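Okay, structure first, notes after.
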Amino acid sequence: MNNPLPRSYFEQSPLTVAKDLIGKYLTVKTPLGVVKSVIVETEAYLGHLDPASHAYKRQTKSNEVMFLSPGVLYVYFTYGMHYCMNVKCWPYGTPGAVLFRGIEPIKGVSTLLKIANKSQKFELSNLTNGPAKLTKVLKIDKSYNGLDICLRSSTVKIFPNDDFKGKICKSPRIGISKNKDKQWRFYLDGNKFVSHFKQSNFSC
DNA sequence: TGAATGATCACG
DNA sequence: GTGATCATTCAT
């Protein structure tokens, strides 16, 4: 069995990590069993350099884990009802993160359907093709904020995928009002687990 | 296109 | 305290 991606991997720029995470394996130990997925969509947030980042101007109670060690999760609550999951990048003290926006489950599919209370016929992509959808079905909430995913013992881990072959495209990030021109969203071309499948402004 | 729904932050 | 905003989702 491989080791999960090490802390040094997450010390890189969020832009580097966001693009490189496409195609890698995400494993999450849910209350009902382990689910393994392929990461198919991410976005980079560049902390002090990025007006759209939650850590652009200052360090607060809610964004503090983005200033901690690379490889910890940053989970935030938004719109009064949703959780979104990021992994902290860049070295300790320098805020930055990669948001998980879409994943394709490949093991533990029945577990996911059970958590969502859906039948085998349900279109699986509708459960994981959005940042708040995937946290909901994986039962990721604020209690995961600050979790270190570089440890073998962690309930969330990311593993390499040496066989990955696929075309990675990029586009502006979804749902932000600042820094809209930057193409800091990355996704696997043609994959149905990618959110906002129909988007005009992209390049590959 | 707009409602749901609540935490957070800037302001003064 | 008040109001605006929000890295979303779903129904209309």
Side-chain angles (χ1 to χ4, degrees), chain A residues 10 13-22 26 39-68 70 72-90 94-105 112-113 115-118 122-147 149 156 158 169-188 192-202:
Chain A
F10 299 103
S13 160
L15 281 172
T16 303
V17 173
K19 183 175 182 183
D20 196 75
L21 280 181
I22 303 298
L26 173 73
I39 299 167
V40 302
E41 181 186 358
T42 60
E43 282 177 0
Y45 287 86
L46 273 56
H48 293 319
L49 307 178
D50 182 5
S53 171
H54 291 167
Y56 178 50
K57 286 219 159 120
R58 66 198 84 254
Q59 180 171 0
T60 67
K61 184 73 178 174
S62 55
N63 69 16
E64 63 183 351
V65 309
M66 271 203 278
F67 293 78
L68 301 182
V72 301
L73 291 185
Y74 167 54
V75 180
Y76 65 88
F77 182 68
T78 190
Y79 291 103
M81 61 188 96
H82 300 302
Y83 294 99
C84 293
M85 178 176 71
N86 304 247
V87 59
K88 185 264 193 290
C89 298
W90 271 338
T94 305
V98 170
L99 171 69
F100 294 89
R101 293 195 55 94
I103 60 174
E104 177 175 357
L112 284 183
L113 292 168
I115 292 173
N117 198 23
K118 301 291 185 187
F122 190 80
E123 174 51 57
L124 187 63
S125 62
N126 288 331
L127 291 179
T128 59
N129 65 341
K133 291 185 184 180
L134 65 89
T135 57
K136 183 180 181 188
V137 76
L138 289 172
K139 310 297 273 184
I140 303 280
D141 60 19
K142 198 75 177 166
S143 69
Y144 284 73
N145 193 43
L147 181 75
I149 68 168
V156 178
I158 302 178
C169 300
K170 60 186 175 181
S171 83
R173 293 171 293 179
I174 306 289
I176 57 169
S177 57
K178 299 162 192 163
N179 230 359
K180 294 168 89 158
D181 56 314
K182 302 292 195 305
Q183 295 200 131
W184 290 349
R185 170 176 176 254
F186 301 90
Y187 61 94
L188 184 54
K192 69 179 177 183
F193 294 81
V194 172
S195 72
H196 296 253
F197 196 78
K198 196 179 159 180
Q199 168 147 341
S200 52
N201 187 4
F202 64 92

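What you see is a predicted model; the values in this text were computed from it and never measured. Only heavy atoms go into these numbers, but all of them, side chains included; no hydrogens, no water, no symmetry mates. Below, chains carry the letters A, B, ... as their sequence lines are ordered, and counting in each starts from 1.
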### Query
Counting just side-chain N and O atoms, does A/R101 come under 4.0 Å of either OP1 or OP2 of C/dT8?
yes
### Message
Distance check needed: C/dT8 P versus A/M81 CE, whole Å only.
### Response
12 Å
### Message
Nearest whole Å is fine: how far is C/dT8 C1' from A/R173 CZ?
### Response
16 Å
### Query
NA contact type, A/L99, heavy-atom cut-off 4.0 Å: base, sugar-phosphate, or nothing?
base
### Residue A/T78, side-chain heavy atoms: nucleotide from B/dA4, C/dC6, C/dA7 that is nearest
C/dC6
### Message
Can you measure A/W184 atom CH2 to C/dA7 atom C1' for me and round it to whole angstrom units?
### Response
13 Å
### Task
To the nearest Å, give me how far apart NE2 (A/H82) and C1' (B/dG6) are.
11 Å
### Rounded interatomic separation in angstrom, taking OH from A/Y83 and C1' from C/dA7
16 Å
### Task
Using a heavy-atom cut-off of under 4.0 Å over every strand shown, decide if A/A52 touches base, sugar-phosphate, or nothing.
base
### Query
Looking only at side-chain N and O atoms, does A/S177 come under 4.0 Å of OP1 or OP2 in C/dC6?
yes
### Message
Just checking A/D181: does its CG atom have more than 12 heavy atoms from other residues, nucleotides or ligands closer to it than 6.0 angstrom?
### Response
yes
### Task
List the steps and the verdict of side chain to side chain contact (heavy atoms under 4.5 Å, CB included) for A/F10 and A/V98.
CA-CA 10 Å; A/F10 299 103; A/V98 170; over 6 Å; no
### Query
In terms of the nearest nucleotide of DNA chain C, which residue is placed more toward the 5' end: A/E43 or A/K136?
A/E43
### Task
With A/R185 as the cation and A/F202 as the aromatic partner, state whether NZ or CZ is under 6.0 Å from the six-membered ring centre and within 45° of the axis.
no
### Query
Does atom NZ of A/K182 have more than 12 heavy-atom neighbours, drawn from other residues, nucleotides or ligands, at distances under 6.0 Å?
yes
### Query
Do A/Y79 side-chain and B/dA4 base share a donor-acceptor contact under 3.5 Å?
no
### Message
On the nucleotide C/dT5, are OP1 or OP2 found under 4.0 Å from the side-chain N or O atoms that A/K178 carries?
### Response
no
### Task
Report yes if at least one side-chain N or O of A/H54 is closer than 4.0 Å to OP1 or OP2 of C/dA7; otherwise report no.
yes
### Message
Would you say that more than 12 heavy atoms from the other residues, nucleotides or ligands in this model lie under 6.0 Å from the NZ of A/K142, or not?
### Response
yes
### Message
How many whole angstroms separate atom CG of A/L127 from atom C1' of C/dT9?
### Response
13 Å
### Task
Could you work out which one of B/dA4, C/dA7, C/dT9 sits closest to the side chain of A/A132?
C/dT9
### Query
How about A/K133: does its NZ atom have over 12 heavy atoms from other parts shown lying under 6.0 Å from it?
yes
### Message
Rounded to whole Å, how long is the line connecting atom OH of A/Y74 with atom P of C/dC6?
### Response
13 Å
## Note on the structure
To the nearest 0.5 Å, atom CG of A/L127 lies from atom CD1 of A/I103 at 10.0 Å
### Message
Under a 3.5 Å cut-off for both contacts, is C/dA4 paired Watson-Crick or G-U wobble with anything, and if yes, with which nucleotide?
### Response
B/dT8
### Query
Which whole-number value in Å describes the distance from A/H196 NE2 to C/dC10 C1'?
12 Å
#### Entry: Watson-Crick or G-U wobble mate for C/dA11, both contacts under 3.5 Å
B/dT1
### Query
Do side-chain atoms of A/E104 reach the backbone of A/V40 as a donor and acceptor pair under 3.5 angstrom?
no
### Query
Reading nucleotides 7-12 of chain B from the 5' end, what letters show protein touch, with B for base, S for backbone sugar-phosphate only, - for no heavy atom under 4.0 Å?
-SSS--
